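The structure under discussion appears below in the form of structure tokens.
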Amino acid sequence: MAAFLTLVLLLKGQHYLLFSFMILVCSLLPAYWRFERDNISTQTLMFIAVLIALAVAGRVPLASIPSVQAASFVIILGGVSLGPELGFITGSTTALVSNMFLGQGPWTPWQMVAWGLMGLTAGLLAQTKISHSLIFMIIFGFAWGFIFGWIMDLWYALAYVSPLTIKSFLLAYASSFPFDLNHALSNAVLITLFYKGWGKLFNRLVKKYRILPTK
């Protein structure tokens, strides 16, 4: 990543989209490398696969409605249930698998990082008592609807906005506000309706079948 950033500086901003793509890939590789080397049980792998399948099922059928989907809700719940590392894997793999149906492209690594960070931060919250507060989790899901959009806006601005100035950059972000709001509201509604019930179910499965990996 340091080498790529150095090249960006040496080339004076040329090919910044390519280098940003390379940096994203480098940021994903350590997580999957650690995941491959961890002592993970079959039950854990099956549970992660089920979560990813649920997230994909919550995204693909609703693809025609801009930014309205249930994938983020499942990823947040997966992070809370499994912790930050597996939450990142669940989120990033959801983007990769769902795009097999919706279409892969240069946006896929950005979605993988965005949803991965969503699962990771949800997992970090699970290590505190804050995750037991429904109101806070609603705020968390609502905020991530916008954060996810801002990460994707960065890719859009680098790829399509020309010339890239502060004004055009801000306009690109402002134009995505309705879509980010749809994402934020769908997260908030699903967390309000299902977070407590699904959370208890997932936690029961994690404990009963010893789903968390042994270190």
Side-chain angles (χ1 to χ4, degrees), residues 17 20-21 24-25 27-28 31-32 45-82 86-123 137-161 171-195 197-199 201-202:
L17 180 59
S20 66
F21 179 82
L24 284 175
V25 172
S27 67
L28 290 168
Y32 283 93
L45 292 174
M46 290 180 64
F47 189 70
I48 294 173
V50 169
L51 287 179
I52 293 171
L54 284 173
V56 171
R59 183 190 179 201
V60 174
L62 299 175
S64 60
I65 307 175
S67 298
V68 175
Q69 38 77 24
S72 294
F73 165 72
V74 177
I75 291 167
I76 290 172
L77 204 57
V80 171
S81 301
L82 296 176
L86 296 182
F88 183 91
I89 294 296
T90 300
S92 60
T93 309
T94 293
L96 182 64
V97 174
S98 60
N99 281 352
M100 292 180 180
F101 299 94
L102 301 176
Q104 303 285 358
W107 54 85
T108 299
W110 294 83
Q111 290 175 332
M112 291 177 69
V113 169
W115 263 318
L117 290 176
M118 186 185 296
L120 185 147
T121 52
M137 293 307 299
I138 292 172
I139 297 173
F140 176 81
F142 186 87
W144 256 107
F146 284 96
I147 296 171
F148 181 93
W150 294 338
I151 294 173
M152 297 307 299
D153 289 343
L154 179 59
W155 165 79
Y156 173 80
L158 292 175
Y160 295 111
V161 176
L171 285 174
Y173 270 68
S175 64
S176 72
F177 177 81
F179 304 100
D180 298 340
L181 182 61
N182 285 345
H183 190 176
L185 289 174
S186 63
N187 288 350
V189 169
L190 289 172
I191 290 174
T192 301
L193 295 176
F194 303 113
Y195 179 76
W198 282 40
L201 174 62
F202 283 12

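Quantities reported herein were computed from a predicted structural model and do not represent experimental measurements.
Judged purely by atom type and a 3.5 angstrom limit, Gln69 has no side-chain atom pairing as donor or acceptor with the backbone of Val60. With hydrogens and angles disregarded, a donor-acceptor distance shorter than 3.5 Å links the side chain of Ser67 to the backbone of Phe179. Although no hydrogens or angles enter the test, the distance criterion places a donor-acceptor pair under 3.5 Å between the side chain of Asn187 and the main chain of Gly141.
Of the inter-residue distances, the one linking Thr108 atom OG1 with Met100 atom CE reads 9.5 Å to the nearest 0.5 angstrom. Distance CD1/Ile75 to CD1/Ile52: 9.0 Å, rounded to 0.5 Å.
You'll find the side chain of Phe194 stays beyond 4.5 Å of the side chain of Leu77, heavy atoms only. For the pair Thr94 and Arg59, the minimum side-chain heavy-atom distance is 4.5 Å or more. Counting heavy atoms from C-beta outward, Leu28 and Ser92 have side chains that approach closer than 4.5 Å. Side-chain atoms of Leu96 and Gln104, non-hydrogen and from C-beta on, do get closer than 4.5 Å to each other. At a threshold of 4.5 Å between non-hydrogen side-chain atoms, the residues Phe140 and Thr121 count as touching. The shortest side-chain heavy-atom distance between Pro106 and Trp155 falls under the 4.5 Å cut-off. The shortest distance between side-chain heavy atoms of Met137 and Ile76 falls below 4.5 Å. Proximity of Met152 to Ile147: side-chain heavy atoms (C-beta onward) are nowhere separated by under 4.5 Å.
Closest approach of Ser81 to Phe202, counting heavy atoms only: OG-CB, 3.3 Å. Considering all non-hydrogen atoms of both residues, Phe88 and Val113 come closest at CE1-O, 4.5 Å. Annotation for Leu51 and Gly78: closest pair CD1-CA, 3.8 Å, computed over non-hydrogen atoms. Ser98 and Ala95 make their closest contact through OG-O, 3.3 Å (heavy atoms, listed as atom of the first residue, atom of the second, distance). Minimum interatomic distance between Val68 and Leu62 (heavy atoms only, all atoms of both residues): O-CB, 3.3 Å. Shortest non-hydrogen contact noted between Ala57 and Pro61 is O-CD, 2.9 Å.
Few gaps surround CZ on Phe146; more than 12 heavy atoms of other groups in view lie less than 6.0 Å from it. Annotation: Phe101, atom CZ; neighbour count of heavy atoms from other residues, nucleotides and ligands within 6.0 Å does not exceed 12. Heavy-atom contacts from other residues, nucleotides or ligands closer than 6.0 Å to OH of Tyr173 number more than 12. Heavy-atom neighbours of Met46 CE from other residues, nucleotides or ligands within 6.0 Å: at or below the threshold of 12.
Residues satisfying the side chain to side chain donor-acceptor pair (under 3.5 Å) criterion with Ser186, sequence neighbours excluded, are absent altogether.
Partner of Phe47 under the side chain to side chain contact (heavy atoms under 4.5 Å, CB included) criterion, out of Thr90, Leu86, Leu82: Leu82 alone. Of the candidates Thr192, Leu193, Ile191, Tyr195 forms a side chain to side chain contact (heavy atoms under 4.5 Å, CB included) with just one, namely Ile191.
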I would like to know whether Phe148 and Asp153 meet side-chain contact (heavy atoms from CB on, under 4.5 Å); could you show each step before the answer? CA-CA 9 Å; Phe148 181 93; Asp153 289 343; over 6 Å; no

Verify ring pair (Phe, Tyr, Trp, His ring centres under 6.0 Å) between Trp150 and Tyr156, making sure each step is shown before the conclusion. CA-CA 10 Å; Trp150 294 338; Tyr156 173 80; over 10 Å; no

Intermediate values then yes/no, ring pair (Phe, Tyr, Trp, His ring centres under 6.0 Å), Phe73 and Trp198: CA-CA 10 Å; Phe73 165 72; Trp198 282 40; 5.4 Å; yes

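Looking at Trp115 and Thr93, their side chains never bring a donor and an acceptor atom within 3.5 Å of each other.
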